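Report on the following structure.
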There are 2 protein chains.
Amino acid sequence: MDVTGKIGRGVRATILDVAARAGVSIKTVSRVFNAEPNVREETRDKVIAAAQEIDYHPNVAARGLAGKRSFLIGMVHGNPSPYYVADLNAGVLDRLRGEPYRLLVLPFESASTMSGKVLAMARSSGLDGLILSPPLGDDPTTIAELTAAGFPFVRIAPASATWLTPEVRMDDVAAAQDITEYLIGLGHRRIAIIRGDPSHPSGTARLIGYRKAMRRAGLDIDPMLVEEGLYTFDSGIMAARRLLASRTRPSAIFACNDDMAAGALFAANEMGLKVPDKLSLAGFDDTPIASIVWPRLTTISQPTVDMARAATAALLALLDDKKEGGRITMPYRLVVRGSTAPPG
Amino acid sequence: MDVTGKIGRGVRATILDVAARAGVSIKTVSRVFNAEPNVREETRDKVIAAAQEIDYHPNVAARGLAGKRSFLIGMVHGNPSPYYVADLNAGVLDRLRGEPYRLLVLPFESASTMSGKVLAMARSSGLDGLILSPPLGDDPTTIAELTAAGFPFVRIAPASATWLTPEVRMDDVAAAQDITEYLIGLGHRRIAIIRGDPSHPSGTARLIGYRKAMRRAGLDIDPMLVEEGLYTFDSGIMAARRLLASRTRPSAIFACNDDMAAGALFAANEMGLKVPDKLSLAGFDDTPIASIVWPRLTTISQPTVDMARAATAALLALLDDKKEGGRITMPYRLVVRGSTAPPG
DNA sequence: TTGTAGGCGTTATCAC
DNA sequence: GTGATAACGCCTACAA
């Protein structure tokens, strides 16, 4: 036994060491480290002091084995926009600060390779819970297997509601409608849309919002003005090139995320089309990219960080109290910047 | 006991279930799942079949407790550029594919808040090893405590060599010298530099390369042409505004990363300075941002993903074979794009 | 308010 | 090649 309390190189102190040093039982030490009640303040202090002296850190594996939880939550993301992912990460980690939970990032190539394997992955990684972001949060197979197994998970920005488990979202339809109506209000009539990856249902919601706005204004929706993208910068370039090559080209383009809008801006620059004089451009998400390009993008500010924070909070509640599923809708904001103007 | 092999909702199969079903001992099952030798092929198949039938996944916590490792590695990053971080993540995860190790992302505010806490964090998170990216990889306190504890770690892009542990880097000095010489070769004489955050030593290396190139060309280094940034887009704007407000403004700016170069481009746009006609701009890293702005940035292609992959490979080797430290230098590439031209 | 006993699911040690 | 059995460090009961 180590009477001095000095622990040799590589040898970690255990709860027994702390107990011995503090002159209490291991259960008392355990109580202190789990913030359980019924410990005299004086005892608590003794334990904490002893722990510090020998640099004790609870063994996560032992804790997980005995307590049947790993304090590990996973985030699966297949979003191609690094800024979006960075925001998600930031929100989750922010909420996790001070909590015993840690965040595991799960590799992810495409939604299809992942479908049907999420539960196995979660199990083999020993996760306590899962945060699903688009498009996986809308994958029926994934939802079904997680639900069937009773595995705790929350969804960020799901397109369809299940109400089975917490969902944090924003109103994509209304936001897309707003930004389209803003373009219409500027005087635009030929307004194109670059939709997102069809496998991301949020893209569909945004398309619906666009259609609503157009219809309400009595404007035709020319199929030539609906292009498909993949939420990537490059796909935005491609889509915009097709749109702008047409003889009856649009005077405004609404891209379903900032990356594609930046791509459209790039395409316009290539063709010498000045934005916003000859072409108005709107994005969606308000990621940093919207402020990096010139001119800055008019866009919808999606509270990604807040959404991630809220989703994490909901998951923690789920893990602790086994609370029911619910739906949280976060507010968005139309941000008007230099990329939009009346048609020239 | 569950004779049918069907496992109820939420109840996970254990190694005992597999052993019973396969008619072997748990040790044999363990051997199979750890790819140990001395198991007859026939036995192995039986075990694997039994495991699949009851959807067995080894319990990570138990494995960690008994085997004294968590199969968890951590990456600590304090780099403000999301694209850089995304590339690091991608490289690590790519190398980890197929390995039993998982990646933990560690929250990180600033290098100073982290210093002296990395080991404690690694311990309390139960990590097996650590990947340190700038600027933490150069923090003496961190290096010292990890080394003293014999904790396995590798460093990505460290400024100073320790040789104690694997280091994956590129030659920042030579790269910065190359890109500066390229600008000089175009005919520029007044070349400014926007250095990075002083707490990131890579910025110093790049400054040295710039100085070398200038001296070799017999050019004075006007202190007015050396600005300080923080590796962020906004800091690039600020620094460029200061540089461009001067009456004797530079004809070219070399920013120590792409984010700041993009900021400089933004500032030039603000002032109506056409790039590259009136101002040449060079970045560093070749993150996606370099290709998103217009015109695209001339930059140094830093093989971030490859570096992360190599660092991960080195860490895995360290964890398995206890190999020695070593130094890997990856090649860089000067990428010439539209943001640079002869002075107008 | 505190302590004791038992078990969590695996790996390691040694025997067969 | 294979198998019993003892750790591993903690948490959950239950007692005191």
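Bear in mind that the values here come from a model prediction, so they are computed numbers and not experimental data. Reminder, nothing fancy here: chain letters follow the sequence lines and each chain counts from 1.
- Backbone-only engagement by A:Val24 is indicated by non-hydrogen atom pairs under 4.0 Å involving sugar-phosphate atoms exclusively.
- When rounded to the nearest whole Å, the span between CZ of A:Phe33 and C1' of D:dG9 equals 13 Å.
- Dashed line: the shortest gap from a side-chain N or O of B:Arg40 to OP1 or OP2 of D:dG1 is not under 4.0 Å.
- Atom pair A:Arg12:CZ and D:dC8:C1' shows a separation of 12 Å (rounding to whole Å applied).
- For residues 55-66 of chain A, the set of pairs meeting the side-chain hydrogen bond (donor to acceptor under 3.5 Å, both in side chains) definition, not counting sequence neighbours, comprises A:Asp55-A:His57.
- In terms of phosphate contacts, A:Thr14 brings no side-chain nitrogen or oxygen within less than 4.0 Å of OP1 or OP2 of D:dG9.
- Phosphate contact (OP1/OP2 of D:dT2, side-chain N/O of B:Ser25, threshold under 4.0 Å): absent.
- Protein atom CG of A:Asp128 is 14 Å distant from nucleotide atom P of D:dC11, rounded to whole Å.
- Between B:Asn38 and D:dG1 there is a side-chain polar atom (N or O) within less than 4.0 angstrom of OP1 or OP2.
- Straight-line distance from the CD1 atom of B:Ile15 to the P atom of C:dC8: 14 Å, rounded to whole Å.
- Look at CG on B:Leu65: it is 17 Å from P on C:dG7, rounded to the nearest Å.
- Applying side chain to side chain contact (heavy atoms under 4.5 Å, CB included) to A:Val92 and the options A:Leu96, A:Asn89, A:Asp94 leaves one that passes, A:Leu96.
- If you check D:dC11, C:dT1, D:dG9 against the side chain of A:Asn59, the one that comes closest is D:dG9.
- C:dA12 atom P lies 10 Å from atom CZ of B:Arg63, rounded to whole Å.
- Nucleotide D:dG9 holds its C1' atom 15 Å from the NE2 atom of A:His57, rounded to whole Å.
- Within the 4.5 Å cutoff, side-chain heavy atoms of A:Leu127 are placed close to those of A:Leu106.
- At least one side-chain nitrogen or oxygen of B:Thr43 sits closer than 4.0 Å to the OP1 or OP2 atom of D:dT2.
- Here the closest non-hydrogen pair linking B:Ser124 and A:Val60 is O-CG2, 3.2 Å.
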Polar atom pairs between nucleotides 12-16 of chain D and protein, under 3.5 Å, N or O only, would you list them?
none

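- Annotation: side chain of B:Arg309 is in contact with side chain of B:Asp306 (closest heavy-atom distance under 4.5 Å).
- In this structure, the nucleotide among C:dT11, D:dC10, D:dG1 sitting nearest to the side chain of A:Pro58 is D:dC10.
- Residues B:Glu42 and B:Lys46 are not paired through a salt bridge, judged by the lack of any N-O separation under 4.0 Å between the basic side chain and the carboxylate.
- Atoms CD1 (B:Ile26) and C1' (D:dA4) sit 9 Å apart, rounded to a whole Å.
- Every side chain to side chain contact (heavy atoms under 4.5 Å, CB included) that B:Pro158 has, sequence neighbours left out, goes to B:Asp138, B:Arg155, B:Glu167, B:Arg169.
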